[in-house]
Amino acid sequence: DQPTLSISDGRELTLDLAGFNLFFAKDGSLSLQDGALTVTGQGDVATAEGADGKPEPLATVSGTGSLALKGGSYNQDVAPYVADSYAEFVPADAHATAPFSVVPASTAKHNAQAVVHDGGKTVYYGDAGAARTAAAAAPGATVEEPEHAIGQRGRRGQPERRTDGNGKRRAAERRRQRECRGQDRW
């Protein structure tokens, strides 16, 4: 656990997580006043839990300070800090420690099953159910299921049916998942 990481002298630094994790101690976070920090690479970044049970804020940015996230997984929504050409993505198999990942925008869009728009923030989800749950908790948020997520293409280039005609959506979904994993056994 680390105390607060501060930049206040105008420097521009890059932190490459390189597979390592950064966990802040209670009352610890990033403090960027008149300095810039760019976070890259893979690794988990988490702040301690506050008195309300939610993670403490990741960063305090003031003056000419800035934070640009180009990688990493976080224990809280970090959409305001995501760098241009990157996006926040919550994969279907997100682990509880740091479910919010920052990935290239093209990757997030390609893998998204649903998108939540909440004011100026956009978060991509690998699980449409999780997206609907997140949107329901945020007044005014909307959920969009991208065309590629709704009309996935089957083996012969035709739109894949999500049901088998009898309403057995789960069986069709399991079949699609097996195909994605290369297991074409029925």
Side-chain angles (χ1 to χ4, degrees), residues 1-112 114-127 130-131 133-144:
D1 289 341
Q2 299 296 319
T4 299
L5 174 64
S6 299
I7 302 174
S8 60
D9 59 2
R11 286 189 284 174
E12 295 180 10
L13 302 176
T14 298
L15 171 63
D16 183 353
L17 295 171
F20 290 93
N21 300 325
L22 178 61
F23 297 107
F24 288 99
K26 190 160 183 70
D27 297 325
S29 66
L30 299 170
S31 176
L32 306 165
Q33 177 184 5
D34 303 324
L37 178 66
T38 301
V39 179
T40 64
Q42 297 300 310
D44 292 349
V45 178
T47 57
E49 207 173 85
D52 60 359
K54 296 180 182 177
E56 293 179 350
L58 175 65
T60 302
V61 180
S62 61
T64 60
S66 67
L67 174 60
L69 302 179
K70 295 183 176 183
S73 296
Y74 302 84
N75 69 333
Q76 59 191 277
D77 182 1
V78 292
Y81 304 115
V82 175
D84 290 342
S85 301
Y86 287 81
E88 187 173 45
F89 180 68
V90 180
D93 62 348
H95 57 285
T97 306
F100 296 93
S101 297
V102 176
V103 299
S106 59
T107 301
K109 290 175 185 175
H110 177 75
N111 293 327
V115 182
V116 174
H117 302 283
D118 182 11
K121 298 186 312 182
T122 298
V123 180
Y124 296 85
Y125 284 81
D127 178 354
T133 300
T142 60
V143 177
E144 170 190 349

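Just so it is clear, the model here is predicted, and its values are computed rather than measured.
- Using a 4.5 Å heavy-atom threshold, the side chains of Y124 and V103 count as separate.
- At a threshold of 4.5 Å between non-hydrogen side-chain atoms, the residues L30 and Y81 do not count as touching.
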> What do the steps show when you test S8 against D34 for side chain to side chain donor-acceptor pair (under 3.5 Å), and what is the final call?
Replying inline: CA-CA 5 Å; S8 60; D34 303 324; over 6 Å; no
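- Heavy atoms only, all atoms of each residue included: A36 and I7 are closest at O-CD1, 3.8 Å.
- Contact record, F100 with N75: CD1-C, 4.2 Å, taken as the closest heavy-atom pair.
- Within the structure, salt bridge (Lys or Arg N to Asp or Glu O under 4.0 Å) pairs that include any residue of residues 62-73 do not occur (at least two apart or interchain).
- Using a distance-only test at 3.5 Å, with no hydrogens or angles considered, a donor-acceptor pair links the side chain of N21 to the main chain of D44.
- Side-chain contact check for F24 versus L5: some heavy-atom pair is nearer than 4.5 Å.
- The shortest heavy-atom contact between A134 and Y125 is CB-OH, 3.2 Å.
- At a threshold of 4.5 Å between non-hydrogen side-chain atoms, the residues L15 and L22 count as touching.
- L37 CG to S31 OG: the interatomic distance, rounded to the nearest 0.5 Å, is 11.0 Å.
- The two residues V123 and E88 make their nearest non-hydrogen contact at CG2-OE1, 3.0 Å.
- Evaluation of the side-chain contact (heavy atoms from CB on, under 4.5 Å) rule for A137 yields no partner, not counting sequence neighbours.
- For residues 75-84, the set of pairs meeting the salt bridge (Lys or Arg N to Asp or Glu O under 4.0 Å) definition, not counting sequence neighbours, comprises D77-K121.
- T107 is not listed as a side-chain neighbour of F89, based on a closest heavy-atom distance of 4.5 Å or more.
- More than 12 heavy atoms of other residues, nucleotides or ligands sit less than 6.0 Å from atom CD of E144.
- The minimum heavy-atom distance between L58 and T47, with the atom names listed, is CA-CG2, 3.8 Å.
- S66 approaches L32 most closely through the heavy-atom pair O-CD1, 3.4 Å.
- By the 4.5 Å heavy-atom criterion applied to side chains, Q76 and E56 are not counted as neighbours.
- For the atom pair OG1 (T38) and CG (D16), the distance works out to 11.5 Å, reported to the nearest 0.5 Å.
- You'll find the side chain of V102 reaches within 4.5 Å of the side chain of Y74, heavy atoms only.
- The pair K54-D52 does not meet the salt-bridge criterion, since no charged nitrogen lies less than 4.0 angstrom from a carboxylate oxygen.
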